[in-house]
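What follows is a set of notes on a single structure, which appears directly below.
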Number of protein chains: 2
Amino acid sequence: MVSKTVVTAFQSAGHDHQRCLEDALAYAAETCARRGVRLTRLREQVLRLVWGNHEPVKAYDLLESLRRDHEGAAPPTVYRALDFLLKEGLIHRIESLNAYIGCGDPSSPHTGQFLICRKCNSVAELNDPEIGELIASKTKQIGFKMDHQTIELSGICPKCSG
Amino acid sequence: MVSKTVVTAFQSAGHDHQRCLEDALAYAAETCARRGVRLTRLREQVLRLVWGNHEPVKAYDLLESLRRDHEGAAPPTVYRALDFLLKEGLIHRIESLNAYIGCGDPSSPHTGQFLICRKCNSVAELNDPEIGELIASKTKQIGFKMDHQTIELSGICPKCSG
DNA sequence: CAATTAATGTAATGTTATAACATCGACCCA
DNA sequence: TGGGTCGATGTTATAACATTACATTAATTG
């Protein structure tokens, strides 16, 4: 498997998403097993829905999808699963969109930098250490003890800008 | 007036907030006049409330305050004023908190980097060009045409960790 | 297999934000 | 100066996002 630490997406035309999805699910299962946490049917199904494509997904859209084969799903059903997946680093929340997206590299805990295309809505996860480190050093300089970065960049992706 | 381009807040003990507030309001009035846009009573009052302190303020808290001397204020009353102030760069929205904060340097349009103290809730606006430029160059490298940065850093401020 | 804890079900409600249409008021200009 | 225009605000309703609280079920452990 090619390293995903630099950039996940934007996807090329030949992207085999079925494969991408199955890889992510397998990886999640393995990760949870290793950590001794339970990737239940419900949680796996939510993860699968989040990974449906490379666009951020909204909680209530997930809820609607989920209801197709899980009658009786309610907001807490979805939010609990999302909380679990967030905690395990299997998905990220995009604050500026109130939406969720699959994590391109759940191997180690991290906070990515998200590139959001406002034309096609796709999101790429950049995980550039230089950016993270520059910010860490600048904030440290002024005595701020940073523990979390939220970096969301909106614009036009390579595919959409031709 | 000392340049505010590097960092606004965290406020020291001797911070004269009355003065800080009046400066910001005067600056806003001047800016709007220059641009030919109307800083109406309502908009100014909302700006004053946002500048009440150096913590982000929630829209419905503003609404409640506003109602004290503006009976009949409703959500659109507040959100319209916030939209105006955001557009004119007089305030910023903190995405990760769904809250609003006065802009430390409305002179030129910009997107700051926000340092959010999760202990005292104060927010400092860092406006470090190196960070902005590094991100701009990295994203450009991969063909992304960035037009907006959201950078929100949470942690413990110097005062709280001191 | 009983006890315990984690996960899920269920109903209600809290919080954040916008839509749609009516009215008011500032400004322009003939 | 009075009427037209457009931006601002009033008002009602509802959409969109998220959590609380408590009941029930399922997995895990001693």
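Per chain, numbering begins at 1; letters A, B, ... match sequence-line order.
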Next on the checklist: Tell me whether the rings of A/Phe144 and B/Phe10 are parallel (<30°), tilted (30 to 60°) or perpendicular (>60°).
Outcome noted: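 Ring orientation of A/Phe144 relative to B/Phe10: parallel.
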Next on the checklist: Can you classify the ring geometry of B/Trp51 versus B/His54 as parallel (below 30°), tilted (30 to 60°) or perpendicular (above 60°)?
Outcome noted: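 The arrangement is perpendicular - the two ring planes meet at more than 60°.
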Checklist entry - Do the ring centers of A/His92 and A/Tyr100 come within less than 6.0 Å of each other? => result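 No, they do not, as the ring centres are separated by 6.0 Å or more.
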Whole angstrom is fine here: how far is it from [atom1] in [X] over to [atom2] in [N]?
X       : N      : atom1 : atom2 : value
B/Leu42 : D/dT11 : CG    : C1'   : 14 Å
A/Leu82 : D/dT19 : CG    : C1'   : 13 Å
A/Arg67 : C/dG9  : CZ    : P     : 12 Å
B/Tyr79 : C/dA17 : OH    : C1'   : 5 Å
A/Leu62 : D/dC17 : CG    : P     : 11 Å
A/Leu85 : C/dA7  : CG    : P     : 12 Å
B/Ile94 : C/dT16 : CD1   : P     : 15 Å
B/Glu71 : D/dT9  : CD    : P     : 18 Å

From the set [options], return the single nucleotide nearest to any side-chain atom of [X].
X       : options                : value
B/Asn98 : C/dT10, D/dA8, C/dA17  : C/dA17
B/His70 : C/dA19, D/dG10, C/dA17 : D/dG10
B/Pro76 : D/dT12, C/dA17, D/dT19 : D/dT12

Can you see if the side chain of [X] gets near the phosphate of [N] - specifically, an N or O under 4.0 Å from OP1 or OP2?
X       : N      : value
B/Arg80 : C/dA19 : no
A/Lys58 : D/dC17 : yes
B/Arg43 : D/dA8  : yes

Next on the checklist: Under 5.5 Å centre to centre and under 30° between planes: does that hold for B/Tyr60 and the six-membered base ring of C/dT15?
Outcome noted: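 Taking the rule of under 5.5 Å and under 30°, the ring of B/Tyr60 does not stack on C/dT15.
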Checklist entry - Counting only N and O atoms by type, is there a donor-acceptor contact under 3.5 Å from the side chain of A/Glu152 to the main-chain atoms of A/Gln113? => result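 No, the answer is negative, given that no donor and acceptor are paired below the 3.5 Å cut-off.
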Next on the checklist: Looking at every heavy atom in both A/Leu134 and B/Ile131, which two are closest together, and how far apart are they?
Outcome noted: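 Taking every non-hydrogen atom into account, CD2-CA, 3.8 Å.
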Next on the checklist: Please classify the nucleic acid contact of B/Arg93 as base, sugar-phosphate, or nothing, using heavy-atom distances under 4.0 Å.
Outcome noted: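 Sugar-phosphate: the residue B/Arg93, judged by heavy atoms under 4.0 Å, touches backbone atoms but no base.
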Checklist entry - On DNA chain C, nearest-nucleotide positions of A/Ala74 versus B/Asp83: which is more 5'? => result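 Of the two residues, A/Ala74 wins.
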Next on the checklist: Both A/Ala81 and B/Pro75 contact DNA chain C. Which one's nearest nucleotide lies toward the 5' end?
Outcome noted: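 Result: A/Ala81.
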